[in-house]
Number of protein chains: 2
Amino acid sequence: MKNLSVNISISPDLYSKNPESSDLGKKIVCRSIEMITDLGFEAFTFKKLGVSIGSNESSIYRYFESKHALLVYLINWYWSWIEYKLVFANNNLSSPHDRLNNAIHLFTEPVEKDDEYLFINEFLLNKIIISESVKAYYTKDVDTENEKGFYKTYKRVVQRVSDTILEINPGFKFPHMLISTVIEGAHHQRYFSKHLPALTDVEEGENSIVQFYTDLVRKSILK
Amino acid sequence: MKNLSVNISISPDLYSKNPESSDLGKKIVCRSIEMITDLGFEAFTFKKLGVSIGSNESSIYRYFESKHALLVYLINWYWSWIEYKLVFANNNLSSPHDRLNNAIHLFTEPVEKDDEYLFINEFLLNKIIISESVKAYYTKDVDTENEKGFYKTYKRVVQRVSDTILEINPGFKFPHMLISTVIEGAHHQRYFSKHLPALTDVEEGENSIVQFYTDLVRKSILK
DNA sequence: AATATATAATAGTATTACTATTAAATAAAA
DNA sequence: TTTTATTTAATAGTAATACTATTATATATT
């Protein structure tokens, strides 16, 4: 399962120059993932990234117009990857219960280290999604950016799973709300378990987050 | 119900000089709430605040060591206020179901404009909680700040309601997780309904957020 | 070989968050 | 009242940040 990057295609609206089109571009994406996990998004700068990859700050601006744009790119890459895994896992599954279950697991389970893609470390990327992704859409520019399609991959994933919920219970009134609650909630709980344990009930190594949200969804959509 | 500020007391760890101790301090808090709602937390600066209240940037640093510290102060004020309302509403209510229901309403209902406190606009403060509060604890310094008690008011409110859940179902394993999911979730859904409607099912003016989370909690804690 | 184009580096700018130092106002003590 | 102490505020900075205009270099095309 190596170099399947052909499956992940990112809309040209999300970069100035396609980072997959050059070695430098790939280095930018690859190293930025490592640096954002290490430093946090606030302390991460294009200057530091440039030094680290032996390139210049301004060269990075050829690929992304701002560090915010780079974060948005990473988030869309992540959701494309999740969508791919979701479609793959649910291929030929007729039972909507099974398909929903796969989705919940994908949203709530920790991401394992692997080398599916050459220049993207999904394990670290998942950490970024957990700790930094809210910063991408809690901005004053959210409306214009939403119009430009900055959040469409995430929205598409939510839509897919909402459809599955409606297959199970066509009368359920809040499928999108339930799914976005689960996704955002699972990220929060992972973060809380590490940094603000008083806000959660997770013990190290347990899979209570998966258990909690699986249960929550099952009970919520009961007719 | 005017000037009950005697009920809201903020830990001295959360400011350098108590803003309630002087006119300038009150102006700082009052105006910062207005400016953060208008500009967003990123574009808000002490410089701009200074100009707006006819004072100097450096004078504001006497009260708060950074704009981050000011945000943390506001968040703690908000949760003290919520806690006060919670205790007040649940006074002499013996039924844990009723008490839980009051809490869920307090967490999910929109905050109305009123003049309960002289220099704090709770309506705007609630907007800040919805749009900016995640920025306070998604920081690299979260662990040291947590030790300093920066998030204790929020944690105390979650603890209170978790206790109520355990009164209803002592075997329920995830009370903190459920409550923090509801609180964070409700904030997300309010924000989504305005800016990213594809992630929710809320129609303008409806109270579906209250309905959704009330239902969610009820079904979740069933024995 | 000449021209065009893609790519990267230099050297900047305005702004930001924050601070060290000085000045002025106020209160307390002699 | 005068002196001393203390609280409060303003001046004038700093280092760092996010970003850009311009120039240089490499590569490809004619």
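Below, read A as the first sequence line, B as the second, and so on, with proteins coming before strands; counting in each chain starts at 1. Only this structure's heavy atoms are used, side chains among them; waters, hydrogens and symmetry mates stay out.
As a whole-Å value, the separation of B:I53 CD1 from D:dT8 C1' is 14 Å. Straight-line distance from the NZ atom of A:K47 to the C1' atom of C:dT15: 16 Å, rounded to whole Å. Atom CZ in A:F46 sits roughly 17 Å away from atom C1' in C:dA9 (whole-Å rounding). The OH-P distance, from A:Y61 to C:dA6, rounds to 23 Å in whole Å. Between the P atom of D:dT20 and the CZ atom of A:F64 lies a distance of 16 Å, rounded to the nearest Å. Residue A:L49 contributes atom CG, which lies 13 Å from atom P of C:dA9 at whole-angstrom precision. We find that NZ of B:K26 is positioned 16 Å from C1' of D:dT8, with the value rounded to whole Å. What separates CG of A:L24 from P of D:dT27 is a distance of 14 Å, to the nearest Å.
Nearest-nucleotide mapping onto DNA chain D: of A:N56 and B:N56, the residue sitting toward the 5' end is B:N56. Map A:E57 and A:Y63 each onto its nearest nucleotide of DNA chain C; the residue landing nearer the 5' end is A:Y63.
Using a 4.0 Å heavy-atom distance criterion, A:S66 is classed as a sugar-phosphate-only contact.
Phosphate contact (OP1/OP2 of D:dT8, side-chain N/O of B:K17, threshold under 4.0 Å): present. Between D:dT8 and B:S59, no contact under 4.0 Å exists linking OP1 or OP2 to a side-chain N or O.
With hydrogens and angles left out, the side chain of B:S58 and the base of D:dA10 share a donor-acceptor pair within 3.5 Å.
Figure legend: B:K135 and A:Y138 shown without cation-pi pairing, the cationic atom not lying both under 6.0 angstrom from the six-membered ring centre and within 45 degrees of its axis.
Rounded to the nearest 0.5 Å, atoms CG (A:L49) and OG (A:S55) are 8.5 Å apart. A:T164 contributes atom OG1, which lies 8.5 Å from atom CD1 of A:I179 (distance to the nearest 0.5 angstrom).
Using a 4.0 Å cut-off between charged nitrogen and carboxylate oxygen, A:K26 and A:E20 do not count as a salt-bridge pair.
Under a cut-off of 6.0 angstrom, the local environment of NZ in B:K127 is sparse, with at most 12 non-hydrogen atoms contributed by other residues, nucleotides or ligands.
Each of D:dA18, D:dA10, D:dT22 was ranked by its minimum atom distance to the side chain of A:T45; first place goes to D:dA18.
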